[in-house]
There are 2 protein chains.
Amino acid sequence: MAKGRATIADIARSAGVSLSTVSRVLSGRESVIPIGPETRARVLASAAALNYRPNQAARTLASGRSQAVAVLVHDISDPYFSEIVRGIEDVASANQYMVLVCSTDRDPVREREYLLRMGSFPTDGIILAAGGFEEEAGLDEVRSLIERGVVIVGVARHGLPIPTVRISNEEGAREMAEHLLQLGHRRIAFIAGPPGLTTANDRLAGYRQALREAGLSADGLVLAGDFTREAGQRVVPHLLRSTPRVTAVFAANDKMAIGCLAGLRAAGIVVPDEVSVVGFGDVPSAQDTEPPLTTVTIPLREIGRQVMREVLQQLGGQPPSAALSAPTTLTIRRSAAPPRSGKPG
Amino acid sequence: MAKGRATIADIARSAGVSLSTVSRVLSGRESVIPIGPETRARVLASAAALNYRPNQAARTLASGRSQAVAVLVHDISDPYFSEIVRGIEDVASANQYMVLVCSTDRDPVREREYLLRMGSFPTDGIILAAGGFEEEAGLDEVRSLIERGVVIVGVARHGLPIPTVRISNEEGAREMAEHLLQLGHRRIAFIAGPPGLTTANDRLAGYRQALREAGLSADGLVLAGDFTREAGQRVVPHLLRSTPRVTAVFAANDKMAIGCLAGLRAAGIVVPDEVSVVGFGDVPSAQDTEPPLTTVTIPLREIGRQVMREVLQQLGGQPPSAALSAPTTLTIRRSAAPPRSGKPG
DNA sequence: TTGTAAGCGTTATCAC
DNA sequence: GTGATAACGCTTACAA
């Protein structure tokens, strides 16, 4: 970012025109402010000859547009989030935008820190994809960012005053629980996610609702979890001790389901013969477990594309879209089957 | 990025000092240029009162430093790369740096495009983590970026004039092949990676060397692949047709190994009883396949940290480190076992 | 259709 | 220790 890189002044001189003319043709504002074709050609030629590269920092300072968006995720190394980010990047790069990643580890402190830094870092938009908290931390930061003209869009339910791509967590979980019920299961445990997370709570609510509608109680069936693989493993002893024994386990996300699978195998329990296990999310590795995981599919990448498209539209001056949403679907693989001694009802 | 955000001018006015004084205390150059403690306090107080946030775009323009690095990866949704990026982010964020992700899909065209865009986008450093090609495309772009003072560091072998964190792909592959040999295998197939990739070639070379040293020929044992899961599945019929039948398969990366596992299962072949399968990389999901994958572990996250530390050091004026490297280790799980009819030699 | 000139918010170079 | 003032490279009214 230093040396003798050519500026529009050099081009202006070389092409024998003014600074503004150069700026006009080079910044694409041509469409708005017509330029003589011959002038234009000269400018372009000089730019090419001098190997000109615009200085985005200068553009940003002058125009207020940075051509960059930041994405807050829980953890970029978590496939759930990296899929979303990939979707975002797809449409961002197609529109000459760069994407910054910010992993918050679901830590409200880190989340606020990043938000604070976004206060000085030049981005045109911020995508809150880390998942919402029931009690949001960065409210003030978000407000002041919005006030400054930054477009902010969220993914999943947030307690924040921003447009959001809704994921049908509750409906998806209900459907999955109904699927298990239909298979004949009556004792279905649920491994919950982190307490304050809206995503986790919505999935739990969907599970509860399905049970309630089937006239079943969830008492003693909801196990604490935190979305980690270890949590899925940890509950296994508890599962085995339950009486009457649980016949199916619904984990609030795939990672826990996969951990549970591992724990069950270690305990010598065979899935789905002795117990069914299902997850939520359908991360890529869910198809490579044994048995492959029955789960709720979220169109992660498409969500990323959708949220970035929304950011771009708002940046283009359009009002926030009213209803952004991503439908979940059941993906039946082989980790769930009817219970062995399936006495219905 | 717009509205009425406070500037150092506002602070100067409010604190009754000059612009330069404000800049000095706010940009941390204090250590170099002493400031009166009382003046300093007044400035800080005003800054806080006005809820001041530095404008990084302006700083970048004036100082030439952007506090951002870009990372070129094959695909951010590939766990191999997202792990590396996470490592980079860990040390970046601890040092007030932001990280931009650029997925190139291993397409030289996209790679050059991104490099070209980096020519105008303000970043202090660029990390080439997408893997090297035997014939590099973006050489000119890299040169001109370096000339402009951007620090560029690579991961894995590159044909580019930049310091690089070496991954012991060849040694790791040799070790793994030796392990298979030691188990008693003599007919070991290798699923290769994309032809032009140094990473793929080095692993192949390691495999070849081990066979050669054992007095074995690799003729007809090297199968074409491209690092995708599908490639791993695709070779299965070929594997089964081989005579004498191959007893072990070494995939050049985990994804292909996992695909191979799936293909084998579909064909009713049991691993490792009938055939052993091993991979390279040790991505997180490698431990959740059935059987869990024996593979070569690369300290992905640590590599990310290391490469970002190197970038920071060079930005701090230190010369490139001579030997950056990441050792691979064998991780024995359960997908490889002695061949069934293991007649040694 | 093109040119002039005033910013954009900081840092940096000199003086004092 | 502190203060003027000139960059930094570009966009954008406003004129012509």
Side-chain angles (χ1 to χ4, degrees), chain A residues 1-43 46-47 50-67 119-122 124 148-149, chain B residues 1-43 46-47 50-67 119-122 124 148-149:
Chain A
M1 299 256 8
K3 290 290 171 48
R5 119 192 219 178
T7 71
I8 54 171
D10 299 320
I11 299 178
R13 204 172 307 123
S14 143
V17 297
S18 75
L19 281 186
S20 21
T21 301
V22 175
S23 173
R24 279 173 200 127
V25 355
L26 260 28
S27 62
R29 290 186 50 71
E30 262 196 277
S31 40
V32 158
I33 303 176
I35 298 283
E38 198 249 345
T39 311
R40 179 191 132 82
R42 272 218 314 286
V43 170
S46 298
L50 294 171
N51 191 30
Y52 171 76
R53 298 276 175 274
N55 180 323
Q56 182 61 49
R59 282 190 166 170
T60 299
L61 184 57
S63 71
R65 286 312 186 88
S66 64
Q67 301 294 111
S120 37
F121 209 90
D124 298 336
R148 280 168 187 173
Chain B
M1 300 257 10
K3 290 292 171 46
R5 119 194 219 177
T7 71
I8 54 172
D10 299 321
I11 299 178
R13 204 172 307 124
S14 143
V17 297
S18 74
L19 280 187
S20 359
T21 302
V22 177
S23 174
R24 278 174 201 127
V25 356
L26 261 27
S27 61
R29 290 187 49 71
E30 261 195 278
S31 39
V32 157
I33 302 177
I35 298 282
E38 198 249 345
T39 312
R40 178 192 133 81
R42 273 218 314 285
V43 170
S46 299
L50 294 171
N51 190 29
Y52 171 76
R53 299 277 175 271
N55 180 323
Q56 183 60 49
R59 283 190 164 170
T60 300
L61 184 56
S63 71
R65 286 311 184 88
S66 64
Q67 301 294 111
S120 35
F121 209 89
D124 297 336
R148 280 169 188 174

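Both backbone and side-chain heavy atoms feed into the values below; hydrogens, waters and symmetry mates do not. Bear in mind that the values here come from a model prediction, so they are computed numbers and not experimental data.
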- [ ] Name the closest nucleotide to the B/Thr7 side chain, picking from D/dG1, D/dT12, C/dT10.
- [x] C/dT10
TODO: Please say which of B/Val43, B/Thr21, B/Leu19 ends up in a side-chain contact (heavy atoms from CB on, under 4.5 Å) with B/Ile11.
DONE: B/Val43
Task: Whole-Å distance separating the CZ atom of A/Arg53 from the C1' atom of D/dG9 - done: 16 Å
Open item on the list: Can you measure B/Arg59 atom CZ to C/dT11 atom P for me and round it to whole angstrom units?
Closed with: 5 Å
- [ ] Using a heavy-atom cut-off of under 4.0 Å over every strand shown, decide if A/Val22 touches base, sugar-phosphate, or nothing.
- [x] nothing
Open item on the list: Once rounded to the nearest 0.5 Å, what's the spacing between atom CD1 of B/Ile8 and atom CZ of B/Arg24?
Closed with: 11.0 Å
Open item on the list: Is B/Thr21 close enough to D/dG3 that one of its side-chain N or O atoms is under 4.0 Å from OP1 or OP2 there?
Closed with: yes
- [ ] Just compare D/dT5, C/dT11, D/dG9 and give me whichever is closest to any side-chain atom of A/Asn55.
- [x] D/dG9
TODO: Indicate the atoms forming the closest heavy-atom contact of A/Gln56 with B/Pro122, along with that distance.
DONE: CB-CD, 3.6 Å
- [ ] Measure from CZ on A/Arg13 to P on D/dC10 and round the result to the nearest Å.
- [x] 12 Å
Open item on the list: If I take atom CZ in residue A/Phe121 and atom P in nucleotide C/dT10, what distance separates them, rounded to the nearest angstrom?
Closed with: 15 Å
Open item on the list: Quick check: closest heavy atoms across A/Ala57 and B/Thr60, and the distance to 0.1 Å?
Closed with: CB-CG2, 3.6 Å
Task: With B/Arg53 via salt bridge (charged side-chain N to carboxylate O under 4.0 Å, His left out) - residues at least two apart - done: none
- [ ] Among C/dC14, D/dC14, D/dC10, find the nucleotide with the atom closest to the side chain of B/Arg24.
- [x] C/dC14
Task: Side chain B/Ser23 and base C/dA12 donor-acceptor under 3.5 Å - done: no
Open item on the list: Nearest to the side chain of B/Ser20, heavy atoms from C-beta on, is which of D/dG9, C/dT4, D/dG3?
Closed with: D/dG3
Task: Nearest listed nucleotide, side chain of B/Leu61, among C/dT10, D/dC8, D/dT12 - done: D/dC8
TODO: Drop me the distance from A/Gln67's CD to B/Ser120's OG, to the nearest 0.5 angstrom.
DONE: 9.5 Å
Open item on the list: In whole Å, I'd like the distance from the CD atom of B/Gln56 to the C1' atom of C/dT10.
Closed with: 10 Å
Task: Of B/Ala58 and B/Thr39, the one whose closest DNA chain D nucleotide lies more 5' - done: B/Thr39
TODO: Could you state the atom-to-atom distance from CD1 of B/Ile33 to P of C/dA15 in whole Å?
DONE: 15 Å
Open item on the list: I'd like to know if the side chain of A/Arg5 and the backbone of A/Asn51 have a donor-acceptor N/O pair within less than 3.5 Å.
Closed with: no
Open item on the list: In this structure, how many angstroms lie between the P atom of C/dG3 and the CD1 atom of A/Ile8, rounded?
Closed with: 13 Å
Open item on the list: Measure CD/A/Glu38 against C1'/C/dT1 and give the value in whole Å, please.
Closed with: 12 Å
Open item on the list: So if I take every side-chain heavy atom of A/Ser27 and compare against D/dT11, C/dG3, D/dG3, which nucleotide ends up nearest?
Closed with: D/dT11
TODO: Identify the heavy atoms of A/Ala15 and A/Ser46 that sit nearest to each other, and give their distance.
DONE: CB-OG, 3.4 Å
TODO: Measure from the side-chain heavy atoms of A/Ser63 and tell me the nearest of D/dG3, C/dT10, D/dT11.
DONE: D/dT11
Task: Degree of bending, the helix from C/dT1-D/dA16 to C/dC16-D/dG1 (end axes from five pairs; round to 10°) - done: 30°
Open item on the list: Can you say whether a donor on the side chain of B/Arg5 sits under 3.5 Å from an acceptor on the base of C/dG9, or the other way round?
Closed with: no
